[in-house]
Undergrad: 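First the structure, which I've put down as structure tokens, then a few questions once you've had a look.
Naming convention: chains lettered A, B, ... in sequence-line order (proteins, then strands); numbering from 1 in each chain.
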Protein chains: 2
Amino acid sequence: MATERPDLAAMLYPLVRELIALELPVLAAHEVSMWGYSVLTALDDTPVRTQAALAEAIGADKSRIIGTLDELQKAGLIERTPDPDDRRVRLLSITAEGRRVRRAVRRGIQIKEMQVLESLPVPDRKTFIRLLQQLHASR
Amino acid sequence: MATERPDLAAMLYPLVRELIALELPVLAAHEVSMWGYSVLTALDDTPVRTQAALAEAIGADKSRIIGTLDELQKAGLIERTPDPDDRRVRLLSITAEGRRVRRAVRRGIQIKEMQVLESLPVPDRKTFIRLLQQLHASR
DNA sequence: TATTGTTATACTCTATAACTATA
DNA sequence: TATAGTTATAGAGTATAACAATA
């Protein structure tokens with residue numbers, strides 16, 4: 001007994017909602033969508049050979065990211081070049097400008113997101129982030 | 001430098017998605033929707049005087065929960081009685097059966113959700129949950 | 001006139017399945 | 001024929017605004 005506590009999802013979900021609300025203005029200021037930012041992040045870590053692979057990497061459907069890729073390309077943030085060896089596939093990579101935008105957005109987000117942890121003592125914040133990073137890395 | 005880490009939302013979001021995927025079968029087995037379970041949880045803690053207040057408490061829109069309330073009432077899990085003092089408002093409370101269902105669902109969920117934390121050493125799991133509870137309580 | 005609950009409408013996301021172009 | 005990317009269609013979920021009953 002005495003283990004009455006809310007479900008993990010019930011506690012995590014409001015947190016995510018709050019984080020998204022904090023991030024939207026930052027994203028809007030840099031004129032990227034949430035999915036756009038997600039794509040930039042994935043491509044900054046490593047270029048990707050097919051759009052389907054990229055979609056899977058960020059947990060989306062291949063048909064769902066096309067509009068996003070169009071916008072990013074038009075804005076000069078990514079490059080989408082046909083593979084000469086197999087002209088069906090598009091080689092995806094981030095541009096220098098894309099990298100710059102990603103960094104700027106990230107900086108903006110990481111400053112704001114600390115608000116969400118404000119109710120924790122500083123050492124606990126670090127612990128929480130560390131554990132979360134472990135969880136994230138292990139999947 | 002060396003502070004390269006994913007954004008909080010980027011780490012939390014996949015976690016929530018995984019948790020939801022784990023919960024859906026449990027909810028389905030007891031024939032309650034996610035919102036339904038959310039309502040039962042809110043009402044088990046304390047009865048509520050208006051539907052709008054309930055909606056706000058669970059982060060929904062007042063018009064959005066009506067279908068949910070209809071189902072829960074039809075299933076005998078909640079009671080929705082007009083307030084004699086102000087016949088516009090509906091007094092909301094959980095029934096004994098509703099309480100039973102909520103407990104059963106919760107038990108099922110809390111067993112499964114530990115899978116998500118499996119990659120952490122046991123003491124770290126407890127720490128994570130404790131910090132999360134603190135964050136949740138403070139909002 | 002203001003408020004509670006309800007219904008209706010439109011809008012956004014998402015999933016699925018056709019379609020094209022290459023192989 | 002199979003696959004990568006694209007487009008089109010339909011469905012679910014949500015937000016907004018109109019509405020009826022009561023105050």
Side-chain angles (χ1 to χ4, degrees), chain A residues 9-10 13-14 16-21 23-25 27-28 31-39 42-43 47-74 78-93, chain B residues 9-10 13-14 16-21 23-25 27-28 31-39 42-43 47-74 78-93:
Chain A
Y13 193 69
V16 169
R17 297 250 291 212
E18 197 180 335
L19 284 166
I20 289 176
E23 292 185 5
L24 286 180
L27 291 165
E31 292 179 312
V32 252
S33 67
M34 190 89 69
W35 284 113
Y37 177 57
S38 182
V39 166
L43 289 182
V48 170
R49 212 182 92 85
T50 75
Q51 295 185 183
L54 174 62
E56 217 222 307
I58 64 176
D61 188 89
K62 64 171 177 164
S63 71
R64 218 162 80 190
I65 63 169
I66 289 184
T68 304
L69 296 179
D70 289 346
E71 285 167 24
L72 291 173
Q73 186 177 21
K74 205 169 138 198
I78 66 167
E79 268 170 0
R80 182 157 55 158
T81 57
D83 183 346
D85 294 349
D86 181 344
R87 300 216 310 284
R88 289 174 306 179
V89 335
R90 308 270 175 274
L91 303 170
L92 301 165
S93 57
Chain B
Y13 193 69
V16 169
R17 297 251 290 209
E18 198 180 334
L19 283 166
I20 289 177
E23 293 184 5
L24 286 180
L27 291 165
E31 291 179 312
V32 250
S33 68
M34 190 87 70
W35 284 114
Y37 177 58
S38 182
V39 166
L43 289 182
V48 170
R49 213 182 92 86
T50 75
Q51 296 185 183
L54 174 64
E56 217 222 307
I58 64 176
D61 189 90
K62 64 171 179 164
S63 71
R64 220 162 79 192
I65 62 168
I66 289 185
T68 304
L69 295 179
D70 289 346
E71 285 167 23
L72 290 174
Q73 187 177 20
K74 206 169 136 197
I78 66 167
E79 268 171 0
R80 183 158 54 158
T81 57
D83 183 346
D85 294 348
D86 181 345
R87 300 215 311 284
R88 290 174 304 181
V89 334
R90 308 272 174 272
L91 302 171
L92 300 165
S93 57

Undergrad: Without decimals, in angstroms, what is the distance between B:Ile65 CD1 and C:dG5 C1'?
TA: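 Atom CD1 in B:Ile65 sits about 10 Å away from atom C1' in C:dG5.
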Undergrad: What is the distance, rounded to the nearest whole Å, between atom CZ of B:Arg87 and atom C1' of C:dG5?
TA: 14 Å
Undergrad: More than 12 non-hydrogen atoms from neighbouring residues, nucleotides or ligands closer than 6.0 Å to CZ on B:Arg64, yes or no?
TA: yes
Undergrad: Hey, which sits more toward the 5' end of DNA chain D by its nearest nucleotide, A:Thr50 or A:Arg17?
TA: A:Thr50
Undergrad: For a quick test of reading the model: is some side-chain N or O of B:Trp35 closer than 4.0 Å to OP1 or OP2 of D:dT14?
TA: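 Indeed, a polar side-chain atom of B:Trp35 lies that close.
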Undergrad: Under 4.5 Å between any side-chain heavy atoms of A:Leu69 and A:Arg90, yes or no?
TA: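 Side chain of A:Leu69 against side chain of A:Arg90, heavy atoms only: no contact under 4.5 Å found.
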Undergrad: Whole angstroms only, please: what is the CG-P distance between A:Leu91 and C:dT22?
TA: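 So the CG-P distance, A:Leu91 to C:dT22, works out to 15 Å.
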Undergrad: Test side-chain contact (heavy atoms from CB on, under 4.5 Å) on B:Asp70 and B:Arg80; report intermediate values, then the result.
TA: CA-CA 9 Å; B:Asp70 289 346; B:Arg80 183 158 54 158; 2.4 Å; yes
Undergrad: Select from B:Val89 and A:Pro84 the residue whose nearest nucleotide in DNA chain C is closer to the 5' end of that strand.
TA: B:Val89
Undergrad: Tell me, with the steps shown, if B:Leu91 and B:Arg49 meet side-chain contact (heavy atoms from CB on, under 4.5 Å).
TA: CA-CA 5 Å; B:Leu91 302 171; B:Arg49 213 182 92 86; 3.5 Å; yes
Undergrad: Return no unless some side-chain N or O of B:Arg80 is found under 4.0 Å from OP1 or OP2 of C:dT6.
TA: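 Answer is yes, contact under 4.0 Å.
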Undergrad: Please report, rounded to the nearest Å, how far the C1' atom of D:dT22 is from the CD atom of B:Gln51.
TA: 15 Å
Undergrad: Rounded to whole angstroms, how far apart are CG on B:Asp85 and P on D:dT22?
TA: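 Distance check: B:Asp85 CG to D:dT22 P gives 15 Å.
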Undergrad: Going through the distances and angles, do A:Glu31 and A:Glu71 end up as a side-chain contact (heavy atoms from CB on, under 4.5 Å)?
TA: CA-CA 10 Å; A:Glu31 292 179 312; A:Glu71 285 167 24; over 6 Å; no
Undergrad: Please report the distance, rounded to the nearest Å, between CG in B:Leu24 and P in D:dA12.
TA: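 Going from CG in B:Leu24 over to P in D:dA12 covers 15 Å.
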Undergrad: Expressed as a whole number of angstroms, how long is the span from B:Ile58:CD1 to D:dG13:P?
TA: 15 Å
Undergrad: After noting the C-alpha distance and the side-chain angles of B:Leu43 and B:Leu72, does the key distance pass the side-chain contact (heavy atoms from CB on, under 4.5 Å) rule?
TA: CA-CA 12 Å; B:Leu43 289 182; B:Leu72 290 174; over 6 Å; no
Undergrad: Expressed in angstrom and rounded to an integer, what is the separation of A:Glu56 atom CD from C:dT14 atom P?
TA: 17 Å
Undergrad: Nearest 0.5 angstrom please: A:Ile58 CD1 to A:Trp35 CH2, how far?
TA: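 A:Ile58 atom CD1 to A:Trp35 atom CH2 measures 5.5 Å (nearest 0.5 Å).
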Undergrad: Protein-nucleotides 15-21 of chain C N/O pairs closer than 3.5 Å?
TA:
{"residue": "C:dA15", "atom": "OP2", "partner": "A:Arg64", "partner atom": "NH1", "Å": "2.3"}
{"residue": "C:dT16", "atom": "O4", "partner": "A:Ser63", "partner atom": "OG", "Å": "3.1"}

